[in-house]
There are 2 protein chains.
Amino acid sequence: MLLMNVKSLCLGILTFGEATGYEIKKAFETQFSQVYDAGFGSIYPALNQLTTSGYVSCRQEQQEKRPAKKIYSITESGLDFFLKELHKAPAKDKFRSETLTKLIFADMLPRENISILIDQVIDDYNNYVVDLSDSCCEKQSQSEKFLCGFGITVRQAAIKYMQENRHLIESASSSSSQQAAE
Amino acid sequence: MLLMNVKSLCLGILTFGEATGYEIKKAFETQFSQVYDAGFGSIYPALNQLTTSGYVSCRQEQQEKRPAKKIYSITESGLDFFLKELHKAPAKDKFRSETLTKLIFADMLPRENISILIDQVIDDYNNYVVDLSDSCCEKQSQSEKFLCGFGITVRQAAIKYMQENRHLIESASSSSSQQAAE
DNA sequence: CGGAACATGTAATACGTTACATGATTAA
DNA sequence: TTAATCATGTAACGTATTACATGTTCCG
């Protein structure tokens, strides 16, 4: 099992303290948003499997007019397992960009389309930087601040590069593609 | 279907000209290495499915003492499909780093371990930059150069950030974790 | 003689997404 | 009244990875 999957990360989140599936989802949306995102459809099954493996234990708390809360805690063997994962050599970093992938085929797209595409990525990145900058201040741990700063820095560099080099692909796109595109 | 999957990308590669599965694999390793990687176990089934869908056609070339080459070409309907994919709004960019993910749990790792981890990512990034810089010169199309430069710039920014900020997490890691880790 | 490159494929497995299903509470 | 938040889950599907299976040629 890799570190970067729902199960391991649920376990990791539980090292910070007990939590429900719902709360774990929120952790994915905040602390872990930069490196992972998981939906309920991944989290709940993961927690069930972790329970079966004995890596987490589950205590139920009845609530009126709501489904009972299932509060999960990491067990000793769960912590053990997680630490072993943490000591394994990490896989290489991967950057996946659909936009950049599309731009490889820039010759097949009309000029205008390319410009819109680039405008949008820049915009996305800008928004991302703004969001991170806001949340960064609230972060308590050093490692979270480090991660936050990383995300900001890298995206700012990406924005700058795109602004300075977009002409390379914006000028090159041929008009002959429009017939095929339409 | 998304743009960023084996099938669409095989189709995309075939817009550059006919190719065998083996050659497509090489295209993934070179031109597309930054944005995707696919093994034979993904490519061959993909090509079969694309053939069934009528998006590619296949011509066989007998060879002595080797399995017959299957040379694939994109069909009209395949090109049509690909262009439609190309015109869809792209998904948001994702950056996945196991190392950064691990570093969120820096408090649970011994100081030394963290330093090694950071040294290794920086090293990986440096190697990546070197490889890209070499291959960049050979690139013919503008869009490939753009992508290449992007990869270099972003990684250089990442390296710089890590060098300047690693102390944030290197100093914070507690020694109390060592007992649990061992 | 060993390893890389050429050449294709299948089967089992792992992993995650999406849609579906249910239903109360609270704030705008 | 409408959307968001709280709260859990299943089933179907899409997608990719890994290991297995086979065999030749060429270079060092």
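Values below: every heavy atom of this structure, side chains too, minus hydrogens, waters and symmetry copies. Just so it is clear: chains get the letters A, B, ... in the order the sequence lines come, proteins before strands, and each one is counted from 1.
Contact detail for A/Val6 and A/Tyr36: the closest heavy-atom pair is N-OH, 3.5 Å. The two residues B/Cys10 and B/Ile43 make their nearest non-hydrogen contact at SG-CG2, 4.3 Å.
Taking A/Glu144 as the reference, A/Gln31, A/Lys139, A/Gln140, A/Ser141 meet the side chain to side chain contact (heavy atoms under 4.5 Å, CB included) condition, with sequence neighbours excluded.
Nucleotide C/dA24 holds its P atom 18 Å from the NZ atom of A/Lys69, rounded to whole Å. Rounded to a whole Å, the OH atom of A/Tyr44 is 17 Å from the P atom of C/dT18. Rounding to whole angstrom units, CD of residue A/Gln63 and P of C/dG23 are separated by 17 Å. Rounded to a whole Å, the CD atom of B/Glu23 is 15 Å from the P atom of C/dA5.
Both the sub-6.0 Å distance and the 45° axial angle are not jointly satisfied by B/Arg96 relative to the ring of A/Phe95.
Nucleic acid contact for A/Lys25: none, since no nucleic acid atom lies under 4.0 Å from a heavy atom of the residue. Heavy atoms of B/Gly41 sit under 4.0 angstrom from at least one base atom.
In this structure a side-chain-to-backbone donor-acceptor pair under 3.5 Å is missing from B/Gln120 to B/Leu117. Formation of a donor-acceptor pair under 3.5 Å by the B/Ser8 side chain with backbone atoms of B/Asn5 is not found in this model. No donor-acceptor pair under 3.5 Å is formed between the side chain of A/Thr20 and the backbone N or O of A/Tyr72.
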Taking only N/O atoms, report every protein-nucleotides 14-16 of chain C pair under 3.5 Å with atom names and distance.
from, atom 1, to, atom 2, distance (Å)
C/dG16, OP1, A/Tyr36, OH, 2.2

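Cluster partners of B/Phe40 are B/Tyr22, B/Tyr44, counting Ile, Leu, Val, Met, Phe, Trp and Tyr whose side-chain heavy atoms approach within less than 4.5 Å, directly or via other members.
For the pair A/Ile118 and A/Ser115, the minimum side-chain heavy-atom distance is 4.5 Å or more. Considering only heavy atoms from C-beta on, A/Lys160 stays 4.5 Å or farther from A/Ile122 through its side chain.
Using a 4.0 Å cutoff on non-hydrogen atoms, no part of residues 8-18 of chain B comes near DNA chain C.
When DNA chain D is scanned 5' to 3' for any atom under 4.0 Å from a heavy atom of chain A, the first and last hits are D/dT5 to D/dT10.
Toward the 5′ end of DNA chain C lies the nearest nucleotide of B/Pro45, the other residue of the pair B/Pro45 and A/Ala38 mapping further downstream.
Residues A/Arg59 and A/Glu18 are paired through a salt bridge, judged by an N-O separation under 4.0 Å between the basic side chain and the carboxylate.
End-to-end axis angle for the helix from C/dC1-D/dG28 to C/dA28-D/dT1, using five pairs per end and rounding to 10°, comes out at 50°.
Ring planes of B/Phe16 and A/Phe105: parallel class, angle under 30° (limits at 30 and 60°).
With values rounded to the nearest 0.5 angstrom, A/Ser42 atom OG is found 12.5 Å from A/Ile24 atom CD1.
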